[in-house]
Structure formats: C-alpha cells, structure tokens
Amino acid sequence: MELSSSFGMRFRHSAIPSPLAIPASASTAEPHTQTPPHRNTIKLRSSKPFPSARKSATLEIQRSSDLPSALARLGETLTVKDLNAALYHFKNSNKFNHISQLFKWMQENKKLDVSSYSHYMRFMANNLDAAEMLQLYHSIQDESARKNIFVCNSVLVCLIKKGKFASGMKLFQQMQLDGLVPDTVTYSTLLAGCIKIENGYPKALELIQELQHNKLQMDGVIYGTILAVCASNSKWEEAEKYFGQMKDEGHSPNVYHYSSLLNAYSTCGNYKKADKLIQDMKSEGLVPNKVILTTLLKVYVKGGLFDKSRELLAELKSLGYAEDEMPYCILMDGLAKAGQIHEAKLIFDEMIKNHVRSDGYAHSIMISALCRSKLFREAKQLAKDFETTSNKYDIVILNSMLCAFCRVGEMESVMETLKKMDELAISPSYNTFHILIKYFCREKMYLLAYRTMKDMHSKGHQPGEELCSSLISHLGQVNAYSEAFSVYNMLRYGKRTMCKSLHEKILYILLAGHLLKDAYVVVKDNAKSISRPPTKKFAIAFMKSGNINYINDVLKTLHDSGYKLDQDLFAMAVSRYLGEPEKKDLLLHLLQWMSGQGYVVDSSTRNLILKHSHLFGRQLIAEVLSKQQVQLKHKNLTR
DNA sequence: GTAGGGTTAG
C-alpha cells in the first residue's frame, strides 16, 4: 500500500517531460522535391558560386524560426563545416531546441563528422540525461568518432556531471578496450567523479596510478582535482603531500588549490594550519575570495572557535560575501551541533533580519537543530514561518517540517505537508518514512506504522533495525503477530545486519500467536542465536499442536543444532502419533532415528507404544524398542 | 570557434 493512501492521496510518479522533445515536424517535414531555384541559377552565373549561396543559406538556417523546414529546403546546400558552425551559433544564442533539431537532421542525413559529435555532446551536456548521452554515444557508426578523445571525454564529462560515476568508469574501460588512449582531461574528469562518491579516495588513487603508468604528467588541474578528493575524504595529510608535490614540480597553486587544501583542514578544524595557509597565499600575491573565506569560516567553526567565526562572518558581510545563506548556515549548524542552540538561533534571527537570500537550508538546519534539542514548539513555529515566507521546497526541508509537526503531534499539518510533497511530485525519502513511522508508533497507531513501513520497503528503502525492533514489539503487544513477522522478514532478508536477540523476540511473538510454522522457520535458520528457554517453549508448543508431518523434522533440527532433546518431547510426539495411526511410518521413523542418535523412550512411553502396537505391526515395534533397550543397557554399563 | 578542478542542510 502507498504511504499516501493512508491519507487518501497518491504520490504521483509522473515522468519528467523532456525539455528537448523534438516537434514532430522535425522528422516528418515534407520533403522538397523541387530544387531551390536560386541554387542552379547561381551555379550558372558565377565561377565561385557556392560560398555566397552557402553563406546565405547558413544565415537563413541560423535565423529560421521553423528550423526543420529551413533544413529541408537548404540543408543539402551546406557542408558539414557549415552545419557545425550553425550548431555553434545556436549554442551561443542558447537555442538548445535548435541544436537538437539540427543535430537530428545531421544524423538523419549523415552530414556529420567527429567534431559534430563532440560539439553537440559538449553543448548538450546539461540538457541530455546520462541514458540519452550513452545512447547517442553507442549509436555512433563511425569508429574513428567513437574512439576520438574529444568525443569520449565529452561523454564522460556528461556522465560524471550527472553523478554516474560507476557507469562512467565502465564506459571508460570499454573505450580503452576499443582503442581509446586517454589523456589528462579524461583522468581529471574521472577524478572529479571521485569527489562526490563514497570512498572516493582509493578510486582516485587508482586513477592517479593509471595516469602515471600511461606516462602522463600531472598538471595543475589534476592536482586541483585530487586535492578536492582529499578534502571531501577528510585526508588533510594526503592533501598537503599533493600540494607540496605540485609546487616541487613547478606548478604554482591558484585559489582553487588553496581552497581545497583549506577545505581538507576543515574536517578536523585545524585552524592553525588554515591561518598559516592563508598567510602563504597572501604572500604569493593571491587575494582570498568569497569561497576561501567561507571555507575558512568552516575551519573555525569545526575547530570550535565561535568568537573568531562571528568576527569572520562580520568580515564576510562587510565584503559583500554574505549575501546568501551559506556562511550563516555553516556557523549556526556548528553552534547547534556544539549544543549552543540559542546562539545558533541568534545567527538565524540576524540572517532573517538582514533579508539574506535563502533556499531553505537555514530553516532546515534550525528546525532540525531545534528538534534535536527537543524544542519542538519553536521548531514547529519555524516550519510554519517557512510555509508562509517561502515556496522553495525540497525533500530535506519537507522532512524537517514533517519532523517538527510530528513531534508536536499536529496531524493536520503533517497531512498538509504530505499533500504538498505529493503536489510538488517530491518522492518521500528514507527519512520521511522514518519520521512518519516513529510518529505513528508514538501515537500508538501501530498498524498504520506497519503499513507505512511496508510502503517504505516496497519503494526500496530498508528500514533501520532499531525502528523495526520497536515496531515488532509493539505489533506483538497488540496481537498483530503476522505483521510483526513481516517486519522481521524485511530486516532478515535485507542487506542490513541484525541483532541476534531479535530472533528470540520474534520467536516469543510467533509462539504467542500460535504461528508455529513461522516459528519453526525462525528456529531452523537461527538455532545458534536462540537460547534454551524459548527453544524449549517452541519445541513443546510444536509437539503439542504443530503440523504432525513436521514433528520429526523439528526434533532433528533441534538435535542437530546441539539442543538436547528430553523425554517429555518424545512422549508428546509419540502421543501425537498414537492419536493418528495413519502416521505410523513417521513414528517408526522417529523410533529408528532415536536409536541411531542414542535416544531412548522412557518406560511409560514404551508401554504406551506397546499397548498400541497392533496399529503399527507388533514385530516391527518390538524390534525397534528392543534395539533401544540394548542401547540403554550398554549406556548404563559404561556409565 | 569544442573538453577537466573548490564551500552549505538530513
């Protein structure tokens, strides 16, 4: 079930309309059967006819408002070079729709060369998504274009910009197999992809090694990129190493290099090194810019130097570098995380007073910080303020608001926020679900919490163990046994690790609900994590009322897991079998198995079996039991 | 006339 359907609404899953949709006229334009009149006449009149005809045709194409028909009329006149120039022209006048129409025509009419592809890919890097770019690349017939360095780099730039590092790397490897010889641009492009990915540093190192193996020289941009990778992976020592190496090789660092090294110092808040770096930078004649000073603020904040941070923020303001919310966000987030929530709020208030541009980050930080400090009413008030003053929503601000509304228990505002999410076609995230499920649990709406978790799971989010564990307990308490088991299974078959005690917890719940078959699955898969008392409880329950066909299996499973079976269990099993004579084979099987494992039935059970032996075949029963007797005597003798 | 690098929330 859908999360939103709990509230009588649905999240839309509308496909994003492509801004590049090509009008049908582009491909279905009437072919012009008539030869344009001026073409032949010019040809006859002039000894150098084409340049001027082409020039006017090029101009007409460039100015055309109906590009497809202009192309149908004049396209033939133009050379590939002219068409490439037109692409360039459209790019300069930001006519991206024309670029795609023209390129499509060039493809259909096979009037394109290597630079048509590389230019088009460059120009459209922001307008095409990764899949479209890949499709375009793979559609290139011309082998020399497919392994051209400009073309390959352009495709890779697009993939990396769209955050598709893995597919970029895969394509890169394929390109090399196809004969591409990568250059430093290729490597800096791929390295840039390592900045944003998890664990990017080792991947960056591999690329650097490969670059060196290919006898390519590291240049200023490569150094800039690896410094950024170091910074985003909190590796300031490595960043220092590259910074020094770069200078040793004669590349003088620019503000980018300084800002990355500075950023590398920020994670650990090493303000001494940061101050020294700023001094070095100034003595090299470089002037700290907005980014440098904002990053320095981050260093001070991380280092806990809040007075110095406030001074620096004042300096940023006086320089006109605090016109958007970022420096305020850095400081207030740091203050809040250091427990100085009221100091943080002062910075926030100052920001509001100064009418600083905001995309909602500041509100999101403050609302979350207030919630963390359990100041829910203030958090809710800010969420309400944001609603009235802004219309810039994203999933993070929506989650912050939702959290605040949930914490003060304002169901109506919660619903409004979910509705807004739906209207804006912003999909709920992992955090959205967590916030809602926690809220429903607090409100004792356990089945709604359960349905929300099902929804979450079906959308590909793996709920956290703590939340699952608490929901399992609550569902158990309200006798929702199979729902509890369903939550357990989401964890069990998810990628996350789970605490061993959960197996016992669900086992008790399943036993309370008499879901013995499910209980057996839990015991079978996790016998080693379950202690003796619940195992015993399970064994007794199963012998009493579990499916008779599985009784032997259960006993064997318990035995194999190291559980010592006692006489009571055998007595119960035997009495079940005696009640259903058609299961006599199972009883015989059990008695034989017992002999094999050194178990013996006690005398009263033995007598009971003998009393009913006519049902099973006296001879057989006598044989099996006497075998057990021999064993018993042997056992007593050796004791 | 085409290509590559830096800062913010959960």
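Order of the sequence lines sets the chain letters (A, B, ...), proteins ahead of strands, with each chain counted from 1.
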* Measure distances between side-chain N and O atoms of A:H257 and base N and O atoms of B:dG5, and say whether any donor-acceptor pair falls under 3.5 Å. => yes
* Looking at every strand, decide which applies to A:G220 at a 4.0 Å heavy-atom threshold: base, sugar-phosphate, or nothing. => base
* Asked: Does the pair A:K147/A:E143 count as a salt bridge with the N-to-O cut at 4.0 Å?
  -> yes
* Asked: Side chain of A:S259, base of B:dT7: donor and acceptor closer than 3.5 Å?
  -> no
* Considering just the side-chain nitrogens and oxygens of A:K161, establish if one lies under 4.0 Å of OP1 or OP2 belonging to B:dG4. => yes
* **Audit row: A:K419, A:D422, salt bridge (Lys or Arg N to Asp or Glu O under 4.0 Å) steps and yes/no** => CA-CA 5 Å; A:K419 198 170 152 226; A:D422 183 43; over 6 Å; no
* To do: Could you tell me whether A:N148 contacts a base, only the sugar-phosphate backbone, or nothing, with contacts defined as non-hydrogen atoms closer than 4.0 Å?
  => nothing
* Got a salt bridge between A:K353 and A:D349, using NZ or NE/NH1/NH2 to carboxylate O under 4.0 Å? -> no
* To do: Name the nucleic acid region contacted by A:T184, choosing base, sugar-phosphate or nothing; use a 4.0 angstrom heavy-atom cut-off, strictly under.
  => base
* Asked: How long is the line joining CG of A:L331 and P of B:dT7, in whole Å?
  -> 19 Å
* Do the charged groups of A:K384 and A:E387 touch, with an N to O distance under 4.0 Å? -> yes
* What are the two closest non-hydrogen atoms of A:V301 and A:I330, and how far apart are they? -> CG1-O, 3.6 Å
* **Polar contact flag, side-chain donor to acceptor under 3.5 angstrom, A:T295-A:N263** => no
* Presence of salt bridge, A:E325 and A:R357, under 4.0 angstrom -> no
* To do: Remember a base hit wins even if backbone is also touched, and classify A:L227 as base, sugar-phosphate or nothing at under 4.0 Å, heavy atoms.
  => nothing
* To do: Applying side-chain contact (heavy atoms from CB on, under 4.5 Å), run through A:L67 and A:F90 and close with a yes or a no.
  => CA-CA 11 Å; A:L67 188 57; A:F90 289 142; 4.0 Å; yes
* To do: Could you check whether A:F150 and the base of B:dT2 form a stacked pair, meaning centres closer than 5.5 Å and planes differing by less than 30°?
  => yes
* Asked: A:Y328 OH to B:dA9 P: how many Å, rounded?
  -> 18 Å
* To do: Could you go through the salt bridge (Lys or Arg N to Asp or Glu O under 4.0 Å) check for A:D280 and A:K273 one step at a time?
  => CA-CA 10 Å; A:D280 290 352; A:K273 279 185 179 287; over 6 Å; no
* Asked: So what does A:S154 hit on the nucleic acid, given a heavy-atom distance under 4.0 Å: a base, only sugar-phosphate, or nothing?
  -> nothing
* To the nearest angstrom, how far is A:N254 atom CG from B:dG5 atom C1'? -> 8 Å
* Asked: So what does A:V157 hit on the nucleic acid, given a heavy-atom distance under 4.0 Å: a base, only sugar-phosphate, or nothing?
  -> sugar-phosphate
* Asked: Between A:I395 (CD1) and B:dA9 (P), how many Å, whole number?
  -> 17 Å
* To do: Using whole Å, report how far CG of A:L211 lies from P of B:dG4.
  => 17 Å
* Scan A:S118 against the nucleic acid and name what it touches under 4.0 Å (heavy atoms): base, sugar-phosphate only, or nothing. => base
* **Touch class at under 4.0 angstrom, heavy-atom based, for A:N153 against every strand present** => base
* To do: Grab the CG-P distance between A:N431 and B:dA9 for me, whole Å please.
  => 14 Å
* To do: Would you classify A:A85 as touching base, sugar-phosphate or nothing, given that sugar-phosphate means primed atoms plus P, OP1 and OP2, and contacts are heavy atoms under 4.0 Å?
  => base
* To do: Could you check how far CD1 of A:I208 sits from C1' of B:dG4, rounded to whole Å?
  => 13 Å
* Structure fact -> Numerically ordered, the residues 298-317 of chain A set in heavy-atom contact under 4.0 Å with DNA chain B is A:K298
* Asked: Can you find an N or O donor on one side and an acceptor on the other, under 3.5 Å apart, linking the side chain of A:N92 with the base of B:dG1?
  -> no
* **Whole-Å gap separating P (B:dA3) and CG (A:N126)** => 14 Å
* Asked: When we call it a touch if two heavy atoms are under 4.0 Å apart, what does A:D359 touch: a base, just sugar-phosphate, or nothing?
  -> nothing
* Asked: Under 4.0 Å between a side-chain N/O of A:R122 and OP1 or OP2 of B:dG1, yes or no?
  -> no
* Asked: Any Lys/Arg nitrogen of A:K317 or A:E323 sitting under 4.0 Å from an Asp/Glu carboxylate oxygen of the other?
  -> no
* **Selection: residues 186-193 of chain A, any non-hydrogen atom under 4.0 Å of DNA chain B** => A:S188, A:T189, A:A192
* To do: Could you check whether A:F123 and the base of B:dT2 form a stacked pair, meaning centres closer than 5.5 Å and planes differing by less than 30°?
  => no
